[in-house]
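Scope of the values below: all heavy atoms of this structure, side chains included, with no hydrogens, waters or symmetry mates. Proteins get letters first, then strands, A, B, ... in listed order; numbering begins at 1 in each.
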There are 2 protein chains.
Amino acid sequence: MVRWKPGARERLQAAALERFAAVGFDGTTVAEIAATAGLTERTFFRHFGDKREVLFAGQDEFESLFLQGIEAATGDDPIAIVASALESAAAFFPEERRSWSRARQHVIDADPGLQERELLKLSGLSGAMTDALQRRGLDPTPAALAAETGVTVFRVGFTTWIAEGEERTFVAILRAVLAELRALLA
Amino acid sequence: MVRWKPGARERLQAAALERFAAVGFDGTTVAEIAATAGLTERTFFRHFGDKREVLFAGQDEFESLFLQGIEAATGDDPIAIVASALESAAAFFPEERRSWSRARQHVIDADPGLQERELLKLSGLSGAMTDALQRRGLDPTPAALAAETGVTVFRVGFTTWIAEGEERTFVAILRAVLAELRALLA
């Protein structure tokens, strides 16, 4: 019988980032992550399929939040619908996640394989949003443009949110970035 | 002495796409591509490092065209500068390339590894454009927004250009897509 330790998942995530930052993603083993967290490998594998999953866990929830925002939006304006998706997705990035997100991004920036994985995640998000916008009656081209614009605002907003010294909430940043994009294209 | 055959490169590209479409990217060998083109493997390797390079050759020129358009632009309006980049890049997609580009996209859409490679290419383009816009004096956030918007217009425009039955030139489509994006965000 392995005793259930509350917070094991969070401790494993923190330990993994600590090891990835210290010796790189490739140089880190699951055994080291578990040891750093004071847990067993068996416990690790109850929470994550492999070490990469530590960085990409919650991806379904992440995408679902965007799609829920699209469904919940009122009116027909494509960018207003996308803005609703962004507001909804901001719930995935509360203040207590900021330093973890920053450290995670440093790990990803250092590894081309992880970058490809992250790009694929965002490309999938764009495709899912395009589909959801078409289900709301938009034609393919405006649906794709609105979805890609949403991902652009998300990406630029995320980079801003994790910048050292940045203190605004994620949702405040998203609103500012969308306003800046509107001004650029006006 | 191997006799130089004019057009060998183009014949290899056409042969590769024919094989990729018939049996998939993974199922195709360089030997088969060369045989289909009526050429030797040795000739293949004078033109391409491997079979994947057949699909991604010219990437430096592709990116350079965008950057040349940024350098050639007059004025300070970020989106006007990006529009200049798009007009410049359209030179990479003349009418005689359209059917090849369409077939290439079908091959890429069928292979996750090739999709990741393509996403990495476009992400690199976005980064290079962001840097070029910052060299022109733009702050990081508007530079990133303008660059990503340029890539969005390119991606949506490219999808439109290779659609069956589409007859407008690439540059005409890019202009229409940028106008549609402006209208969405107005």
Does atom CD (A/E167) have a neighbourhood of more than 12 heavy atoms from anything else shown, all under 6.0 Å? no
What heavy-atom pair brings B/L184 and A/A146 nearest, and what distance separates the two atoms? CD1-N, 4.2 Å
Are A/L55 and A/V23 linked, directly or through intermediate hydrophobic residues, by side-chain heavy-atom contacts shorter than 4.5 Å (ILVMFWY only)? no
Treating Ile, Leu, Val, Met, Phe, Trp and Tyr as nodes and any side-chain heavy-atom pair under 4.5 angstrom as an edge, say whether B/F62 and B/V54 lie in one connected cluster. no
Quick one: of B/L145, B/V151, B/I79, who has the most non-hydrogen atom pairs under 4.5 Å with chain A? B/L145
When the 4.5 angstrom heavy-atom criterion is applied to B/L122 and chain A, the contacting part is neither
Quick check: is B/F92 connected to B/L178 through a chain of hydrophobic side chains (ILVMFWY, heavy atoms under 4.5 Å apart)? yes
In terms of heavy-atom proximity below 4.5 Å to chain A, should B/R155 be classed as side chain, backbone, both, or neither? side chain
If you count every heavy atom of other residues, nucleotides or ligands that lies below 6.0 Å from B/D50 atom CG, does the total exceed 12? yes
Are B/V30 and B/L17 in one and the same hydrophobic cluster, where Ile, Leu, Val, Met, Phe, Trp and Tyr link if side-chain heavy atoms are under 4.5 Å apart? yes
Return the CG to CD distance between B/L120 and A/E118, rounded to the nearest 0.5 Å. 12.5 Å
Non-hydrogen atoms of chain A under 4.5 Å away: do they reach the side chain of B/P78, the backbone, both or neither? side chain
Heavy-atom nearest pair, A/R182 first then B/A186, reads NH1-O, 4.0 Å
Same cluster for B/L12 and B/W100 if Ile/Leu/Val/Met/Phe/Trp/Tyr side chains link at under 4.5 Å? yes
Taking A/T149, A/V156, A/V177, A/V153 one by one, which has the highest count of heavy-atom pairs under 4.5 Å against chain B? A/V156
Rounded to the nearest 0.5 Å, the CG atom of B/L181 sits from the CG atom of A/L185 at a distance of 5.0 Å
